[in-house]
Q: 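Quick one: the structure is below, and I'll ask about it shortly.
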Amino acid sequence: MLLTITTTHRPATDLGDLLHKHPGRLQTFSLPFGEAHVFYPEASEERCTAALLLEIDPVGLIRRGVRFPRLDQYVNDRPYVASSFLSVALARVYNTALAGRSRERPDLAERALPLRAQIAALPCAGGEGLLRDLFQPLGYAVHAVDRPLDQEFPEWGDSRYFTVELEGEVRLRDLLAHLYVLVPVLDADKHYWVGEDEVEKLLRRGEDWLAGHPARDLIVRRYLRHRRSLIAEALAKLLEGEEPEPDRELEARAAEEEAVEEPLRLGERRLGAVVAVLEATGAARVLDLGCGSGKLVEALLREPQFAEIAGVDISHRALEAAQARLRLERLAARQRERVRLFQTALTYRDARLAGFDAAAAVEVIEHLD
């Protein structure tokens with residue numbers, strides 16, 4: 001399992017001070033499940049990359065009696081993919097950096113730096129859309145390449161593994177905390193029993209960002225392995241002092257529905273069917289009523305037939321998520337002109353909704369009185 005962190009901050013070798021790992025040495029750390037190696041493939045004034053290579057011993061784990069999903073056979077994916085093993089390694093190997101401490105450069109530890117993290121193989125139970133839903137609200141540009149099950153047999157289809165790059169201007173401590181929490185959330189699995197101490201870990205690593213994250217409830221549920229008592233405890237602590245928001249219930253319902261549908265990818269099939277129906281009508285101007293995070297708008301943008309696409313929703317937060325998903329500010333001018341997002345409610349007349357060739361209302365009716 002390989003994780004690299006790169007910076008172009010100058011001098012870039014300051015990364016070694018922040019990680020407390022010297023760029024000129026290979027360092028190896030013993031862990032309960034194998035070994036972790038830290039080394040620097042490149043270390044110059046202009047660019048520095050720190051690599052964390054994790055070697056997991058699945059045979060040794062099984063012989064010691066470890067019995068968890070994906071660890072019940074000698075041959076499994078755990079040595080090669082990012083998982084809860086990576087979170088443990090980050091806490092052990094980069095503990096000081098994760099805590100935001102630096103004896104040599106305390107000022108730098110509190111500054112946002114240009115950082116890029118690459119994970120060679122990241123399981124994602126939920127697809128690329130979930131990757132973006134989790135990391136884009138935290139300020140990252142997300143680049144993901146899905147991997148086929150076997151390049152020699154393309155008919156087998158894609159796997160659930162992605163090579164992922166996260167790029168942004170963030171503090172190193174925040175990047176490490178985001179990876180610590182969200183990698184097991186994406187993998188939807190853990191190699192150890194989830195108990196009361198996991199709530200404390202989640203709140204500690206997520207104290208600066210989790211409470212306001214649009215996918216907060218989904219993150220909490222997956223991180224705590226759907227244990228209801230722990231989820232209720234964590235959410236109660238996160239919500240202390242927070243004013244109730246009118247669209248929170250809608251977002252929670254949507255997250256629950258996505259969690260149920262992920263194993264079967266029903267949401268993707270449904271959107272594909274909707275796009276096919278709209279294409280068959282010959283419509284050029286399409287309205288997405290209750291667009292949510294913009295998944296249908298994104299799918300429609302890929303089809304040149306649709307010259308104008310409008311996404312509307314009652315939730316302002318949902319529209320912000322849609323704008324982040326579509327990355328409107330990065331689209332070419334011609335593509336950008338095809339899309340409009342605005343806030344409105346389906347229970348009121350609105351002149352902006354007139355004149356379209358077709359309208360879609362996908363997963364909306366259950367949210368109406």
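Everything numeric in this text was worked out from a predicted model, so none of it was measured.
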Q: Taking 4.0 angstrom as the limit, do Glu110 and Arg173 come out as a salt bridge?
A: yes
Q: Taking Leu296 as the starting point, is it possible to reach Ile314 by hopping between hydrophobic residues whose side chains are less than 4.5 Å apart?
A: no
Q: Determine the sole option in Glu165, Glu167, Arg132 for which the side chain to side chain contact (heavy atoms under 4.5 Å, CB included) test with Val142 is passed.
A: Arg132
Q: Determine yes or no for a side-chain-to-main-chain donor-acceptor pair under 3.5 angstrom, with Asp357 supplying the side chain and Val286 the backbone.
A: no
Q: Same cluster or not: are Leu341 and Leu346 linked, directly or through other Ile, Leu, Val, Met, Phe, Trp or Tyr residues, by side-chain heavy atoms under 4.5 angstrom apart?
A: no
Q: Just how far is it from atom CD1 of Ile231 to atom CZ of Arg225, taken to the nearest 0.5 Å?
A: 10.5 Å
Q: Hydrophobic cluster membership, with links at side-chain heavy-atom distances under 4.5 Å among I/L/V/M/F/W/Y: are Leu134 and Leu138 in one?
A: yes
Q: Just checking Phe39: does its CZ atom have more than 12 heavy atoms from other residues, nucleotides or ligands closer to it than 6.0 angstrom?
A: yes
Q: Hydrophobic cluster membership, with links at side-chain heavy-atom distances under 4.5 Å among I/L/V/M/F/W/Y: are Leu278 and Val364 in one?
A: no
Q: Is any NZ, NE, NH1 or NH2 atom of the basic residue among Arg160 and Asp187 found under 4.0 Å from an Asp or Glu carboxylate oxygen of the other?
A: yes
Q: Please answer whether the main-chain N or O of Ser44 pairs with a side-chain N or O of Thr13 as donor and acceptor at a distance below 3.5 Å.
A: no
Q: I need the minimum non-hydrogen distance between Ala12 and Cys48, along with the two atoms involved.
A: O-CB, 3.3 Å
Q: With a 4.5 Å heavy-atom cut-off, do Leu90 and Val183 have their side chains touching?
A: no
Q: Rounded to the nearest 0.5 Å, how far apart are OG1 of Thr96 and CG of Asp17?
A: 12.5 Å
Q: How close do Ala177 and Leu98 get, heavy atom to heavy atom, and via which atoms?
A: N-CD1, 3.5 Å
Q: Between Phe29 and Arg92, does a side chain to side chain contact (heavy atoms under 4.5 Å, CB included) hold up when you go through it step by step?
A: CA-CA 9 Å; Phe29 304 84; Arg92 298 283 186 91; over 6 Å; no
Q: Got a sec: does the CD of Glu155 have more than 12 other heavy atoms crowding it under 6.0 Å?
A: yes
Q: Main chain of Pro106, side chain of Arg103: is a donor-acceptor contact present, judged purely on distance under 3.5 Å?
A: no
Q: What is the distance from atom CG of Leu15 to atom OG1 of Thr49, rounded to the nearest 0.5 Å?
A: 8.0 Å
Q: Can you check side chain to side chain contact (heavy atoms under 4.5 Å, CB included) on Leu130 and Val185, steps first, answer last?
A: CA-CA 10 Å; Leu130 181 59; Val185 168; 5.7 Å; no
Q: Indicate the atoms forming the closest heavy-atom contact of Gln335 with Leu301, along with that distance.
A: NE2-O, 4.0 Å
Q: Between Arg10 and Glu46, is a salt bridge (charged side-chain N to carboxylate O under 4.0 Å, His left out) present by the stated rule, with each step listed?
A: CA-CA 6 Å; Arg10 298 189 67 168; Glu46 295 78 25; 3.3 Å; yes
Q: On a heavy-atom basis, which atom in Leu31 and which in Ala36 lie closest, and how many Å separate them?
A: CD1-CB, 3.8 Å
Q: Counting distance only, does the side-chain N/O of Thr7 pair as donor-acceptor with the main-chain N or O of Pro114 below 3.5 Å?
A: yes
Q: Contact between Glu298 and Cys291 at the side-chain level, heavy atoms closer than 4.5 Å - yes or no?
A: no
Q: Look at the side chain of Ser102 and the backbone N and O of Leu18, then say whether any donor-acceptor pair between them is shorter than 3.5 Å.
A: no
Q: With the 4.5 Å side-chain cut-off for hydrophobic clustering, are Leu2 and Val88 part of the same group?
A: no
Q: Looking only at heavy atoms, what is the nearest atom pair of Glu233 and Glu196, with distance?
A: OE1-OE1, 3.1 Å
Q: Regarding Arg171 and Asp208, does a basic nitrogen lie under 4.0 Å from an acidic carboxylate oxygen?
A: yes
Q: For the pair His20 (side chain) and Ala97 (backbone), establish whether a donor and an acceptor sit closer than 3.5 Å, ignoring hydrogens and angles.
A: no
Q: Can you label the angle between the Trp156 ring and the Phe153 ring as parallel, tilted or perpendicular, going by 30° and 60°?
A: parallel
Q: Using a 3.5 Å distance criterion without hydrogens, assess whether the side chain of Arg338 forms a donor-acceptor pair with backbone atoms of Ile309.
A: no
Q: Which value, rounded to the nearest 0.5 Å, describes the distance between Glu169 atom CD and Leu175 atom CG?
A: 12.5 Å
Q: Nearest 0.5 Å, what's the OH-CZ distance between Tyr40 and Arg25?
A: 10.0 Å
Q: What's the spacing between Leu53 CG and His37 NE2 if we round to 0.5 Å?
A: 5.5 Å
Q: Is there a donor-acceptor pair closer than 3.5 Å between any side-chain N or O of Arg47 and the backbone N or O of Glu42?
A: no
Q: Is it the case that the side chain of Gln305 and the backbone of Glu279 share a donor-acceptor pair, with hydrogens and angles ignored and the cut-off at 3.5 Å?
A: yes
Q: Taking only Lys NZ, Arg NE, NH1 and NH2, and the carboxylate oxygens of Asp or Glu, determine whether Lys201 and Glu198 approach each other closer than 4.0 Å.
A: yes
Q: What is the minimum heavy-atom distance between Ala360 and Val274, and which atoms define it?
A: CB-CG1, 4.2 Å
Q: Using a cut-off of 6.0 Å, state whether more than 12 heavy atoms not belonging to Glu329 lie near its atom CD.
A: yes
Q: Does Arg325 reach the main-chain N or O of Ser293 with its side chain, forming a donor-acceptor pair under 3.5 Å?
A: yes
Q: Any idea how Tyr223 and Tyr180 line up, ring-wise: parallel (<30°), tilted (30 to 60°), or perpendicular (>60°)?
A: tilted
